[in-house]
Q: 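Sending over a structure as structure tokens; questions will come in a sec.
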Number of protein chains: 2
Amino acid sequence: MKTLKFSRQRESIKACLMARSDHPTADAIYAAIREEYPNISLGTVYRNLNLLVELGEVQRLHCDNGPDHFDGDTAPHYHFLCRRCGRVIDMPMDHMDELNALAGRYYPGRVENHAMLFYGVCPDCLEMENLSLKEVDKSAVV
Amino acid sequence: MKTLKFSRQRESIKACLMARSDHPTADAIYAAIREEYPNISLGTVYRNLNLLVELGEVQRLHCDNGPDHFDGDTAPHYHFLCRRCGRVIDMPMDHMDELNALAGRYYPGRVENHAMLFYGVCPDCLEMENLSLKEVDKSAVV
DNA sequence: AATAAAATAGTAATAGTTACTGTTTTATTA
DNA sequence: TAATAAAACAGTAACTATTACTATTTTATT
């Protein structure tokens, strides 16, 4: 049986994910951890992220074809991907477990779970959109 | 302005996607087209798939970290990924556009659409599961 | 302190996809 | 129908995200 051994790198990766509310990629985590451990290797970050996901201490988010993002909050919840800034943001909306049952009524297979990702423009980018619209108005008046 | 020119390879790729109801990857399409055009290049398949997606004639399906799958049916609908055989299967279930509006009520951003993928065991693999359970029963009795 | 297992850093390799380049097809004009 | 220009091509190189490998270091146990 393979027993888990303590690793300060793994601790640091987990602490990083618990501390931040964005959903960093392996690369972003790598950059952050390097401040404390300047010669941690990217492979170590990936290996430990995979381990933490297996242990259920961290959640992996597949975002289209881009790099995976990671979430320290393991409660099932949905995410929003902003098509402007590319940020991955938590959705303040209950996870709809009942969708599995609903789907199961239409489909003869065994529906166990689902992944959902919303797309659109985040509040910050909406704000910027409005500001630049106003700019256009102004220059039109002048 | 760049005008589109006819290409027999592109026609063949589109025909292939219209004809089959599985959801092949670029590689699987490449293999299929090679029967008719033995020296088509994989790059051509990718380039044309991207083009067809842009033209809205074909749909791209992101499946976790694996290769993308493609669907000749462009009507928005959900898919099911079997964790046994890995097949991507159409869900006979309406696309829930109202989920966008629902999400929008909780989230201050502009929710434009969503992607959902169901996971579980497909009917064929369920069948096999049942058969092997019966095998176990038999040997237990004998 | 000695030992064994696990984890590491660093590097090489892999999968999926895109970019580049010289040649061939397509479509338009002469 | 031949000449031309644009688009697409095949083939290959490059790229991004990730995993695998290896010799060394860290952790934990005896």
Side-chain angles (χ1 to χ4, degrees), chain A residues 1-17 22-55 57-71 81 86-88 117, chain B residues 1-17 23-55 57-71 81 86 88 117:
Chain A
M1 64 229 69
K2 83 180 256 184
T3 53
L4 209 61
K5 257 172 193 169
F6 173 86
S7 128
R8 49 186 77 211
Q9 289 91 334
R10 181 160 59 241
E11 286 307 299
S12 175
I13 289 169
K14 197 182 168 192
C16 169
L17 276 171
D22 64 337
H23 303 82
T25 60
D27 225 62
I29 295 165
Y30 176 55
I33 306 287
R34 249 145 80 98
E35 314 246 312
E36 198 183 347
Y37 300 98
N39 52 358
I40 191 174
S41 113
L42 183 56
T44 297
V45 174
Y46 273 106
R47 183 167 22 78
N48 280 299
L49 283 171
N50 286 340
L51 230 170
L52 290 169
V53 169
E54 270 176 44
L55 295 172
E57 298 183 25
V58 145
Q59 190 171 172
R60 184 198 310 273
L61 310 175
H62 299 294
C63 291
D64 292 3
N65 41 8
D68 286 351
H69 291 241
F70 294 87
D71 191 340
L81 176 57
R87 273 184 293 181
V88 176
L117 181 61
Chain B
M1 63 231 69
K2 82 181 256 185
T3 53
L4 210 60
K5 257 173 194 169
F6 173 86
S7 127
R8 48 186 79 212
Q9 289 91 336
R10 180 160 60 241
E11 285 308 298
S12 175
I13 289 169
K14 198 183 168 192
C16 169
L17 276 170
H23 302 82
T25 61
D27 226 62
I29 295 164
Y30 176 55
I33 307 287
R34 249 144 80 96
E35 314 246 313
E36 198 183 348
Y37 300 98
N39 53 358
I40 192 175
S41 113
L42 183 55
T44 296
V45 173
Y46 273 106
R47 181 166 25 77
N48 280 300
L49 283 171
N50 287 339
L51 230 170
L52 290 168
V53 169
E54 270 175 45
L55 296 173
E57 299 184 25
V58 145
Q59 190 171 173
R60 183 199 309 273
L61 310 175
H62 299 294
C63 291
D64 292 1
N65 40 9
D68 285 351
H69 291 241
F70 294 86
D71 192 340
L81 177 57
V88 175
L117 182 59

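Values reported hereafter were calculated over all heavy atoms of this structure, with side chains retained and with hydrogens, waters and symmetry mates removed. Chain letters run A, B, ... following the sequence lines, proteins first and then strands; every chain starts at 1.
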Q: Please produce a list of atom pairs where a protein N or O lies less than 3.5 Å from an N or O of nucleotides 23-25 of chain D.
A:
none

Q: Rounding to a whole Å, what distance do you find between B:Glu54:CD and D:dA7:P?
A: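 Distance, rounded to whole Å: 14 Å.
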
Q: Applying a 4.0 Å non-hydrogen cut-off, can you work out what B:Thr25 is touching in the nucleic acid: base, sugar-phosphate, or nothing?
A: nothing

Q: Side chains of B:Gln59 and B:Leu61: closer than 4.5 Å at any heavy-atom pair?
A: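 Side-chain contact under 4.5 Å: yes.
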
Q: What is the distance, to the nearest angstrom, from the CD atom on A:Glu11 to the P atom on D:dT27?
A: 11 Å

Q: Starting at atom CG of B:Asp64, determine the distance to atom C1' of D:dT18, rounded to an integer number of angstrom.
A: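 Whole-Å distance recorded here is 15 Å.
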
Q: With each end axis built from five pairs of C1' atoms, what bend angle do you get for the helix from C:dA1-D:dT30 to C:dA30-D:dT1? Round to 10°.
A: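 Its terminal axes enclose an angle near 20°.
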
Q: Can you tell me how far apart CG (B:Asn48) and CD1 (B:Ile29) are? Round to the nearest 0.5 Å.
A: 10.5 Å

Q: Could you check how far CD of A:Glu36 sits from P of C:dA9, rounded to whole Å?
A: 12 Å

Q: Can you give me the closest heavy-atom contact between B:Val45 and B:Ile13, atom names plus distance?
A: CA-CD1, 3.8 Å

Q: Would you mind classifying the nucleic acid contact of B:Leu42 as base, sugar-phosphate or nothing, using non-hydrogen atoms under 4.0 angstrom?
A: base

Q: Collect all protein-nucleotide pairs involving nucleotides 27-30 of chain C in which both atoms are nitrogen or oxygen and the distance is under 3.5 Å.
A:
from	atom 1	to	atom 2	distance (Å)
C:dA27	OP1	B:Phe6	N	3.2

Q: Measure from CG on B:Asn39 to C1' on C:dT23 and round the result to the nearest Å.
A: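 Distance, rounded to whole Å: 13 Å.
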
Q: Where do B:Pro67 and B:Thr25 come nearest, in terms of heavy atoms and distance?
A: CG-CG2, 3.9 Å

Q: Compare the minimum distances between each of D:dT18, C:dA9, C:dA7 and the side chain of A:Arg10, then state the nucleotide with the smallest one.
A: C:dA7

Q: Between P on D:dA10 and CD1 on B:Ile33, what's the gap in Å once rounded to a whole number?
A: 11 Å

Q: Heavy atoms only, 4.0 Å cut-off, all strands: where does B:Asn48 land among base, sugar-phosphate and nothing?
A: sugar-phosphate

Q: Respond yes when some side-chain nitrogen or oxygen of A:Thr44 is under 4.0 Å from OP1 or OP2 of C:dA9, and no when none is.
A: yes

Q: Answer yes or no: is there a side-chain heavy-atom contact under 4.5 Å between B:Asp68 and B:Leu49?
A: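 When only atoms from C-beta onward are counted, B:Leu49 and B:Asp68 do not touch, as no gap falls below 4.5 Å.
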
Q: If each of B:Phe70 and A:Arg8 is mapped to the nucleotide of DNA chain C with the nearest heavy atom, which maps nearer the 5' terminus, i.e. the 5' end?
A: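 With B:Phe70 and A:Arg8 compared, the 5'-side residue is A:Arg8.
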
Q: Could you grab the distance from atom CG of A:Leu17 to atom CZ of A:Phe70, nearest 0.5 Å is fine?
A: 8.0 Å

Q: Donor-acceptor check, side chain of B:His69 to backbone of B:His23, threshold 3.5 angstrom: yes or no?
A: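 A pair under 3.5 Å: yes.
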
Q: For the SG atom of A:Cys16 and the CD atom of A:Glu35, what is their distance to the nearest 0.5 Å?
A: 10.0 Å

Q: What I'd like to find out is whether the side chain of A:Ile33 reaches to under 4.5 Å of the side chain of A:Thr44, using heavy atoms alone.
A: no

Q: Whole Å only: how far is the CZ atom of A:Arg34 from the C1' atom of C:dA9?
A: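 Result: 12 Å.
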
Q: In whole angstrom, give the distance that lies between atom OH of A:Tyr37 and atom P of C:dG10.
A: 15 Å

Q: Just compare C:dA9, D:dA7, D:dG11 and give me whichever is closest to any side-chain atom of B:Lys2.
A: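 Nucleotide nearest to B:Lys2's side chain: D:dA7.
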
Q: Taking A:Arg60 for its side chain and A:Asn50 for its backbone only, find out whether a donor-acceptor pair lies under 3.5 Å.
A: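 Checking the backbone N and O of A:Asn50 against the side chain of A:Arg60, no donor-acceptor pair under 3.5 Å is found.
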
Q: Is there side-chain contact between A:Arg87 and A:Asp22, with at least one heavy-atom pair below 4.5 Å?
A: no

Q: Looking for any heavy atom pair under 4.0 Å, which part of the strands does A:Asn50 touch: base, sugar-phosphate only, or nothing?
A: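 Touches sugar-phosphate only.
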
Q: Both A:Arg47 and B:Asp27 contact DNA chain C. Taking the nearest nucleotide for each, which residue is further toward the 5' end?
A: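 Its nucleotide being nearer the 5' end, the pick is A:Arg47.
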
Q: Counting just side-chain N and O atoms, does B:Gln9 come under 4.0 Å of either OP1 or OP2 of C:dT25?
A: no

Q: Within this structure, what is the CD-CD distance for the pair B:Glu36 and B:Glu11, rounded to the nearest 0.5 Å?
A: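 Output value for this atom pair is 11.0 Å.
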
Q: Base, sugar-phosphate, or nothing for B:Asp68, non-hydrogen atoms under 4.0 angstrom?
A: sugar-phosphate

Q: Drop me the distance from A:Glu57's CD to A:Leu52's CG, to the nearest 0.5 angstrom.
A: 5.5 Å

Q: Considering only side-chain heavy atoms of A:Tyr46, which listed nucleotide, C:dT18, D:dT18, D:dA10, is closest?
A: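 Of C:dT18, D:dT18, D:dA10, D:dT18 is nearest to the side chain of A:Tyr46.
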
